[in-house]
Amino acid sequence: MTTALITGANKGIGYEIAAGLGALGWRVGVGARDDRRREEAVEKLRADGADAFGVPLDVTDDESVAAAAASLDRLDVLVNNAGITGDTPQDPSTIDLDILRTVLETNVFGVIRTTNAMLPLLRRSEHPRIVTVSSGVGSLTRQSAGQAGPIAIGYSPSKTYLNAVTLQYVRELEGTNIKINLACPGYVATDLNGHQGHRTTQQGAATPIRLATLPDDGPTGGFFEDAGEVPW
Ligand SMILES: NC(=O)c1ccc[n+]([C@@H]2O[C@H](COP(=O)([O-])OP(=O)(O)OC[C@H]3O[C@@H](n4cnc5c(N)ncnc54)[C@H](OP(=O)(O)O)[C@@H]3O)[C@@H](O)[C@H]2O)c1
């Protein structure tokens, strides 16, 4: 039995990742900060036949993350999915630095906090995987080519930072059996973008699910989307 924890799994792409892994027969932990939203998601997943359980989890809160880790008896796959865009406007010349701090607290420090809390559990797994949901807008190659969405000094660089942080983990975990990869879901219609995205949550969940289910000879340290590798 493979056990996964997906952060921010009460809705959007995270919910769909939980549904997809649940459909494989995995035990899926629905990490979510709001009790009602979490329980509703768990109920819905169970109604569809998934072995789902709720994990109270606010990735910005040390105690919440520590309690989430302590509540798990095993963990094979961590999907760092929770993320925010932050308040707008995010023009560089007028940015309110508190917006930047808030975005980084969730999108970067939240991932570090959660990963570090879960690593002791993952190290006990035979086939541990970490999938971190980034975005193509974090690609410096795409940013410099003007192909990375609207100007957003909070959100886009938070994903660039997240990518760099992930590569630091890749280096530290080299030689272990832990595979760690970044996923871009594409532009998906969710609350995050006011449902402007042109892809479905099922399409957005496809690459994260593929990376969560990698075989032992699969890649580590990569940044992937459906079409292949995303340029750094
Ligand atoms: N949608 C896109 O086009 C797109 C493109 C590229 C990358 N992404 C990335 O995909 C991931 C999922 O986004 P989405 O589009 O599915 O957005 P979404 O529908 O807004 O879902 C975001 C999820 O993250 C959770 N979350 C936010 N802050 C949290 C915190 N402090 N602790 C725990 N959970 C928290 C939310 O919980 P609440 O319900 O409690 O707020 C929600 O479950 C994000 O990392 C996003 O950056 C999305």
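As the structure is a prediction and not an experimental result, all values here were calculated from the model. Remember, it's 1-based here, ligands and their atoms both numbered in the order they're listed.
Looking at Leu57, Val30, Thr7, it is Leu57 that brings a heavy atom closest to atom 33 (C) of ligand 1. Considering each of Ala82, Gly197, Ser158, Gly149, the one bringing a non-hydrogen atom nearest atom 24 (O) of ligand 1 is Ala82. Proximity annotation for atom 44 (C) of ligand 1: of Asn81, Ile17, Val188, Val133, Asn81 comes nearest, heavy atoms only. With atom 38 (P) of ligand 1 as the reference point, the heavy atom nearest to it among Lys159, Glu105, Arg33 is part of Arg33.
Contact between Gly31 and ligand 1 is absent, with no heavy atom of the residue lying under 4.0 Å from the ligand.
Taking every non-hydrogen atom of Ser135 and a distance limit under 4.0 Å, the qualifying atoms of ligand 1 come out as 6 (C), 7 (C). Applying the 4.0 Å criterion to heavy atoms of Ile84 picks out, from ligand 1, the atoms 27 (C), 28 (N). Atoms of ligand 1 lying under 4.0 Å from any heavy atom of Gly83, numbered from 1 in the order shown and given with element: 22 (C), 24 (O), 27 (C), 44 (C), 45 (O). Using a 4.0 Å cut-off to heavy atoms of Gly186, the atoms of ligand 1 that qualify are 2 (C), 3 (O), 4 (C), 5 (C), 6 (C). Close approach of ligand 1 to Ile13 (heavy-atom distance below 4.0 Å) involves ligand atoms 1 (N), 10 (O), 15 (O), 16 (O), 48 (C). Shown in contact with Val59 at under 4.0 Å from a heavy atom are these atoms of ligand 1, numbered in order with element: 30 (C), 31 (N), 32 (N), 33 (C).
Neither the backbone nor the side chain of Tyr15 has a heavy atom within less than 4.0 Å of ligand 1.
Note: no N/O pair closer than 3.5 Å links Cys184 and ligand 1 by distance alone. Distances between N or O atoms of Asp34 and those of ligand 1 include no value under 3.5 Å.
When hydrogens are left out, the protein atom nearest atom 36 (C) of ligand 1 is Asn10 OD1, 4.2 Å; that is the closest non-hydrogen contact.
Closest non-hydrogen pair, Arg27 versus Asp51, comes out as CG-OD2, 3.1 Å.
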